Amino acid sequence: MQVLRAKDVMTTPVITVRPEASLAEVARTLVGSRISGAPVVGADGTLLGMVTEADLLPKEAGPVHLPGVWGLLEGLTREVQEQMRRYRGRTAAEVMTRPVITAEEDTPVRQLAALMIRHRINRIPIVREGKVVGIVSRNDILRALARTDEELAALVRETIVRDLWIDVDALDIAVRDGVVTIAGRVDRRGDVSLIESYVRRIDGVVDVDVRGLAYALDERALAP
């Protein structure tokens, strides 16, 4: 099956900032490049953290949102501690988020999407031996959903033939707005579930309808 991976959708080269960069420099970089976050990297390109718009907001919001009395409590929450750290920070290193959720170039796009949802993040640096080689944003992942129906239909046919060795000439495959409808006849009942399973895993497929698939042999009827 043709699987989209990080290297297929990542943005490169990556706009980065140095750990010693002032917050004003960071803000100018984000605004000037029209991005909402950037990796913080060392002199050798090693990833140290991520700095985003959210990391800079406490500096602008001011201490009014961080009551001083909270700082006197032994049970100071981690969230408040992090906000205080960012409010007091002056450089990228002092406000950046760490550790960073990363992935490698061969990581499937579906896995990247799952990581973004699980960790509530908007972007994932792609690293090779600890150094940033690309970055994938939510918008990059949406490219899979932006595939045309014609592209998806071709991928469906290719997947069925290559991975399942099923003759697509006996099938009627239609795609509309990412929804794949497959009708026709296959040899075995099990082929129906296999086709549905494999097609659902194609990046960009929204849903699969195989209700129009008939089969010549029901393997379950042969079971002793």
Side-chain angles (χ1 to χ4, degrees), residues 1-12 14 34-37 50 52-54 100-127 133-223:
M1 180 185 302
Q2 185 181 32
V3 176
L4 278 179
R5 302 186 182 278
K7 60 186 176 184
D8 299 317
V9 301
M10 69 183 187
T11 297
T12 186
V14 184
R34 296 184 179 182
I35 55 177
S36 58
M50 283 288 298
T52 69
E53 294 170 333
V100 183
I101 302 300
T102 64
E104 298 180 345
E105 294 161 279
D106 284 332
T107 303
V109 166
R110 284 177 180 261
Q111 187 174 330
L112 295 177
L115 285 171
M116 288 182 181
I117 293 171
R118 186 181 311 131
H119 297 283
R120 299 181 181 180
I121 53 179
N122 297 327
R123 64 199 63 78
I124 297 177
I126 307 304
V127 299
V133 294
I135 193 164
V136 175
S137 67
R138 289 184 175 183
N139 187 261
D140 294 324
I141 289 179
L142 288 181
R143 294 181 196 174
L145 287 177
R147 280 174 162 170
T148 67
D149 289 342
E150 291 74 16
E151 289 176 312
L152 284 176
L155 285 172
V156 169
R157 293 187 180 91
E158 180 184 342
T159 296
I160 293 174
V161 171
R162 185 188 61 228
D163 296 341
L164 301 178
W165 290 20
I166 293 175
D167 183 11
V168 293
D169 290 338
L171 304 178
D172 180 16
I173 299 172
V175 183
R176 182 173 182 179
D177 295 331
V179 178
V180 180
T181 302
I182 306 175
R185 191 175 183 83
V186 290
D187 293 335
R188 296 172 297 275
R189 180 188 181 99
D191 291 338
V192 177
S193 57
L194 276 176
I195 288 174
E196 180 179 5
S197 175
Y198 272 70
V199 172
R200 281 192 184 279
R201 285 183 279 174
I202 296 174
D203 296 294
V205 168
V206 175
D207 200 2
V208 183
D209 184 349
V210 293
R211 290 175 295 178
L213 272 178
Y215 47 86
L217 175 66
D218 186 348
E219 306 95 320
R220 297 182 307 175
L222 302 178

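We count residues from 1, following the sequence as given. Everything numeric in this text was worked out from a predicted model, so none of it was measured.
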Inset, instruction - Answer yes or no: is there a side-chain heavy-atom contact under 4.5 Å between Thr52 and Arg123? - result: yes
Inset, instruction - State which residue, out of Val3, Asp8, Leu4, fulfils the side-chain contact (heavy atoms from CB on, under 4.5 Å) condition with Pro108. - result: Val3
Legend entry - Asp172 side chain to Gly184 backbone, donor-acceptor under 3.5 Å: no
Inset, instruction - Let me see the working for Ile160 and Ile173 under side chain to side chain contact (heavy atoms under 4.5 Å, CB included), right down to the final yes or no. - result: CA-CA 11 Å; Ile160 293 174; Ile173 299 172; 4.1 Å; yes
Inset, instruction - With the side chain counted from C-beta on, respond yes when Glu150 and Thr148 share a heavy-atom pair under 4.5 Å apart, and no when they do not. - result: yes
Inset, instruction - Could you tell me the separation between the CD1 atom of Ile117 and the CZ atom of Arg120, rounded to the nearest 0.5 Å? - result: 11.5 Å
Inset, instruction - Give the minimum heavy-atom separation between Glu104 and Ala6, together with the two atoms involved. - result: O-CB, 3.5 Å
Legend entry - Flag, side chain of Arg110 to backbone of Arg201, donor-acceptor distance under 3.5 Å: yes
Legend entry - Reported CG-to-CD1 distance for the pair Asp163 and Ile195, which is rounded to 0.5 angstrom: 11.5 Å
Legend entry - Thr12 and Ile126, any side-chain heavy atoms less than 4.5 Å apart: no
Legend entry - Asn122 side, atom CG; Glu53 side, atom CD - distance, nearest 0.5 Å: 9.0 Å
Legend entry - Heavy-atom side-chain proximity of Asp203 to Arg147 below 4.5 angstrom: yes
Legend entry - No-hydrogen, no-angle side-chain donor-acceptor test under 3.5 Å, Thr181 and Arg176: no
Legend entry - Backbone of Tyr215 reached by a side-chain donor or acceptor of Asp187 within 3.5 Å: no
Inset, instruction - Drop me the distance from Leu115's CG to Ile121's CD1, to the nearest 0.5 angstrom. - result: 6.5 Å
Inset, instruction - Could you tell me whether Arg143 and Asp140 make a salt bridge, using a distance below 4.0 angstrom between a side-chain N and a carboxylate O? - result: yes
Legend entry - Side-chain touch Leu112/Met10, heavy atoms, less than 4.5 angstrom: no
Inset, instruction - To the nearest 0.5 Å, tell me how far Thr107 OG1 sits from Lys7 NZ. - result: 10.5 Å
Inset, instruction - Show the numbers, then the answer: is there a side chain to side chain contact (heavy atoms under 4.5 Å, CB included) between Glu105 and Val127? - result: CA-CA 7 Å; Glu105 294 161 279; Val127 299; over 6 Å; no
Legend entry - Inter-residue atom distance Ile141.CD1 - Met116.CE, 0.5 Å rounding: 3.5 Å
Inset, instruction - Could you check if a side-chain atom of Pro125 sits within less than 4.5 angstrom of a side-chain atom of Val14, using non-hydrogen atoms only? - result: no
Legend entry - Non-hydrogen atoms of Leu155 and Ile202 that approach each other most closely: O-CD1, 4.0 Å
Legend entry - Neighbour count above 12 (heavy atom, 6.0 Å) for Glu151 CD: yes
Inset, instruction - Dump the intermediate steps for side chain to side chain contact (heavy atoms under 4.5 Å, CB included) on Asp191 and Leu164, then the final yes or no. - result: CA-CA 8 Å; Asp191 291 338; Leu164 301 178; over 6 Å; no
Legend entry - Heavy-atom side-chain contact between Val192 and Ile182 under 4.5 Å: no
